[in-house]
J.: 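Following this message is one structure expressed as structure tokens.
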Protein chains: 4
Amino acid sequence: MRDKLLEAAGFTFSKFGYYKTSMEDIAEKAQKSKGSLYYHFGSKELLFEAVVFEELKRLTNALKPIFDKTDLDSRQVLKLYMLKRMEVLRNAPNYQETLRPSFYEHYTFLDQIKTQITEWEVMQISKLLKQGLMKEELELPGDITVYAQVLVMLLQGLEPNFYLKGEYDRLESYFDNLIQIITKGISK
Amino acid sequence: MRDKLLEAAGFTFSKFGYYKTSMEDIAEKAQKSKGSLYYHFGSKELLFEAVVFEELKRLTNALKPIFDKTDLDSRQVLKLYMLKRMEVLRNAPNYQETLRPSFYEHYTFLDQIKTQITEWEVMQISKLLKQGLMKEELELPGDITVYAQVLVMLLQGLEPNFYLKGEYDRLESYFDNLIQIITKGISK
Amino acid sequence: MRDKLLEAAGFTFSKFGYYKTSMEDIAEKAQKSKGSLYYHFGSKELLFEAVVFEELKRLTNALKPIFDKTDLDSRQVLKLYMLKRMEVLRNAPNYQETLRPSFYEHYTFLDQIKTQITEWEVMQISKLLKQGLMKEELELPGDITVYAQVLVMLLQGLEPNFYLKGEYDRLESYFDNLIQIITKGISK
Amino acid sequence: MRDKLLEAAGFTFSKFGYYKTSMEDIAEKAQKSKGSLYYHFGSKELLFEAVVFEELKRLTNALKPIFDKTDLDSRQVLKLYMLKRMEVLRNAPNYQETLRPSFYEHYTFLDQIKTQITEWEVMQISKLLKQGLMKEELELPGDITVYAQVLVMLLQGLEPNFYLKGEYDRLESYFDNLIQIITKGISK
DNA sequence: GATGAATGAGTTTTCATTCAT
DNA sequence: TATGAATGAAAACTCATTCAT
């Protein structure tokens, strides 16, 4: 039951956004009563938190295995990572909603989660870049962590553009060009 | 008077976001009546549209002169463009909100404006890249317009990250690294 | 100028009704400013009063001559009167608006005018019926004034039905049947 | 609860009219919250529609039995019908408002209901007149349906006059005279 | 666990009216 | 005379939340 509600909430939030989605909308989508939403989640904010939390769990679970492929060329791994990331987030649209600064003000919980994930990503990318440097596949003057942060930021930044309704397929091909530029930009 | 209202609206929208800002809030900030907002702008949507339109006018006004510097290295111009763009949009926080998927879904009234500006940017960048190719400063296999679109998308995508309250200064230095990667990524 | 405003007001009130018509609507229709409406008429209520007053003036002016045709058969005069009345009121649509009980509560001025006109009509019809009785054209057991009042009330009652947009032409033919029934109903 | 709201709405609408009645007024009368009005009826328009619908249901329920009295003289039945109709509608003041031209113009949501009832009435009267013709009680040259329509229109038209606050009792006696005229007017 | 009903605070919007120019 | 701007009170409506059953 909880799952059914969570799914309906995820779908509806991603379709209309946090503010334009009413508890009524979600209850209707789930074919359940508004009351049950409150029974299971307590409030609209907590329901949204649960939705986002679920999506982020999927994100990290999907990305973890990629960084274990230490045998591949680091540029290759980076490419795989970028593609996988886009793919997973395509199915985690509510995470997007939290990107807005003003949203944070009242949602420190989400802020914390997001910071954690970002740090984890930066760390993984840093490791990858270091390996690439050691294997002399890459050329990165200066602080590696900064490059890692730039890359993560860049990927995070692309997200909104990618999830505009129906734009994903059209933009996917552009993504190849972007990967190409970056790969070349960091190569030795 | 209209300007005073517009300014108050811009400030308040950017602080709380479109949904969390009430006409009441704006009227209070402007020290004017709610009625005058409706007299001048007709509705909340149209007021927001006016705010965003104002911000984007500033963007194009600031960027135009840069593309006229045809004597510089194309990579140099691109760099100037990217820096100026970030700087201007730093003060165009409401434009940001319109990029969010959930906003996009429900408020199509800004589509025209946004599409126009994006197209203008892509065209300018395309020209620039073409010049760079002719001067043999750049190397870009495939369709140039796609590269231009990728670059604009990338810059648009970075915006949310850059305008997190108070984060601009910290991220500014990262931007240099990004520019460096890209510049190298498209160089011959 | 006053006349131009009055005409625009009459048109707009009759189209949307008193409450659904805003001063804005009227000003727009007249291509004048709202301010001028207040300059000339003082308030929405007073403007409406002026409109109705104008219409009623036309009504009585148009009906007066009919009652002077003492040479005709009284049933013939009644028929002429009924037809003329419908025709004139077709062009006095705002008078309709005042028919509603709740409308009166705050508009005693209109109440008075209407009562006066009704009394005048009843008196005219009474005279006519009396003549008809004397000429032995009619048969009316009981108080003649009551018959006159019934006839006026009946005609007043038909008004709303007749002024439904576009219904006038369709209903006009029915009116003939009604006149026939009544004429026969009061004939000797 | 719904019924309590409906009753309060009916009372208040009939007292002040549709426009002068606010949802606040109704909620106060019912000693309930505005929210509950919207929970049960969705909007002011739909609430009003429900009120009128209720009134018209009473009308048809009261009139049905009368048309079954086929043993009586058709003029007698017509008389009963007219009297009953007036009596019932005396307590259906909100239906009245919907007959005003200006109301009609903007609120088409009641069209269906009204048209249905009117058609039902015309049909019943038509049948009655036909029976009267066959029994040679009546004399009606031309299309019978038109006579039926005229009669219904006439009765509908009288309604506003009859329901002027407190005027019913005075006018009731006039109604007898009207019935007499009509009865004679259609008799053989 | 689940629900339908109810609520009230807050939001957008309307509009008659005023007034300086 | 005429107007554009401004106002504020009141209106319709939304919706997260509560709660008895």
Side-chain angles (χ1 to χ4, degrees), chain A residues 1-2 4-5 16 18-28 30-48, chain B residues 1-2 4-5 16 18-28 30-48, chain C residues 1-2 4-5 16 18-28 30-48, chain D residues 1-2 4-5 16 18-28 30-48:
Chain A
M1 176 47 45
R2 219 190 99 103
K4 191 177 181 182
L5 294 174
F16 300 128
Y18 180 80
Y19 292 115
K20 272 283 181 190
T21 295
S22 68
M23 295 300 262
E24 185 76 38
D25 292 337
I26 297 168
E28 206 167 308
Q31 302 266 48
K32 289 287 150 187
S33 73
K34 260 192 285 185
S36 65
L37 285 171
Y38 282 89
Y39 179 77
H40 284 290
F41 299 98
S43 78
K44 190 183 180 185
E45 290 194 4
L46 290 169
L47 171 56
F48 186 68
Chain B
M1 176 46 43
R2 199 179 175 278
K4 192 177 179 182
L5 294 173
F16 300 125
Y18 180 79
Y19 294 113
K20 274 291 179 195
T21 297
S22 70
M23 294 301 261
E24 184 81 41
D25 292 338
I26 297 169
E28 206 167 306
Q31 302 268 47
K32 290 286 149 188
S33 71
K34 257 185 293 179
S36 66
L37 285 173
Y38 283 91
Y39 177 77
H40 284 289
F41 300 98
S43 76
K44 191 183 177 185
E45 284 195 9
L46 288 171
L47 172 55
F48 188 68
Chain C
M1 176 48 42
R2 218 189 98 102
K4 192 177 180 182
L5 295 174
F16 300 128
Y18 181 80
Y19 293 115
K20 273 283 180 190
T21 295
S22 67
M23 295 300 263
E24 184 77 39
D25 292 337
I26 297 169
E28 205 168 307
Q31 303 266 47
K32 290 286 150 187
S33 73
K34 260 191 286 185
S36 66
L37 284 173
Y38 282 88
Y39 178 78
H40 284 289
F41 299 96
S43 76
K44 190 184 178 185
E45 291 195 3
L46 290 170
L47 171 55
F48 186 69
Chain D
M1 176 46 41
R2 199 179 175 278
K4 191 177 178 181
L5 295 173
F16 301 124
Y18 181 79
Y19 293 113
K20 274 292 179 195
T21 297
S22 70
M23 295 300 262
E24 184 80 38
D25 292 338
I26 297 168
E28 208 167 307
Q31 301 267 49
K32 291 287 150 186
S33 71
K34 255 187 294 178
S36 66
L37 284 172
Y38 284 92
Y39 177 76
H40 284 289
F41 299 98
S43 74
K44 191 184 177 184
E45 285 194 7
L46 288 170
L47 171 55
F48 188 69

J.: In whole angstrom, give the distance that lies between atom CE of M23(C) and atom C1' of dA5(F).
T.: 17 Å
J.: Does the Lys NZ or Arg CZ of K34(C) fall within the cation-pi geometry relative to Y39(C) - under 6.0 Å from the ring centre and within 45° of the axis?
T.: no
J.: If every non-hydrogen atom of I26(C) is compared with every non-hydrogen atom of L5(C), which pair is closest and at what distance?
T.: CG2-O, 4.3 Å
J.: What is the separation between atom CG on L37(B) and atom P on dA5(F), rounded to the nearest whole Å?
T.: 14 Å
J.: Nearest-nucleotide wise, let me know which of G35(D) and E24(B) is further upstream toward the 5' end of DNA chain E.
T.: G35(D)
J.: 5'-most contact on DNA chain E: S43(C) or S33(A), nearest heavy atom basis?
T.: S33(A)
J.: In this structure, how many angstroms lie between the C1' atom of dC15(E) and the OH atom of Y39(B), rounded?
T.: 13 Å
J.: Please tell me which of the listed nucleotides, dC15(F), dA5(F), dC13(F), lies nearest to the side chain of H40(B)?
T.: dA5(F)
J.: Which whole-number value in Å describes the distance from Y38(D) OH to dA9(E) C1'?
T.: 15 Å
J.: May I ask you to verify whether the side chain of K34(B) and the base of dT7(F) hold a donor-acceptor pair under 3.5 Å?
T.: no
J.: Can you tell me the distance, in whole Å, between the NZ atom of K20(B) and the P atom of dT11(E)?
T.: 8 Å
J.: Nearest to the K32(D) side chain among dT7(E), dT11(E), dG8(F), which nucleotide is it?
T.: dT7(E)
J.: Taking the six-membered ring of Y18(C) as reference, does the cationic atom of K44(C) (NZ for Lys, CZ for Arg) lie under 6.0 Å from its centre and within 45° of its axis?
T.: yes
J.: For a side-chain contact (heavy atoms from CB on, under 4.5 Å) check, start with the C-alpha distance between M23(B) and L47(B), then their side-chain angles and the critical distance, and finish with the verdict.
T.: CA-CA 10 Å; M23(B) 294 301 261; L47(B) 172 55; 4.1 Å; yes
J.: What orientation do Y19(C) and Y19(D) show, parallel under 30°, tilted 30 to 60°, or perpendicular over 60°?
T.: tilted
J.: Nearest to the side chain of S36(B) - dA12(F), dA6(F), dG4(F)?
T.: dA6(F)
J.: Is dC13(F) paired to anything, Watson-Crick or G-U wobble with both distances less than 3.5 Å, and if yes, which nucleotide?
T.: dG10(E)
J.: Quick check: on DNA chain F, is the nucleotide nearest S22(D) upstream (toward 5') of the one nearest R2(B), or the reverse? Name the residue that is more 5'.
T.: R2(B)
J.: Starting at CD of Q31(B) and ending at P of dA5(F), how long is that distance when rounded to a whole Å?
T.: 21 Å
J.: Strictly by Watson-Crick or wobble contacts shorter than 3.5 Å, is anything paired with dG4(F), and which nucleotide is it?
T.: dC19(E)
J.: Taking atom P of dT14(F) as reference, at what distance in whole Å does atom CG of L46(D) sit?
T.: 11 Å
J.: Atom CE of M1(B) to atom P of dT3(F): distance rounded to whole Å?
T.: 22 Å
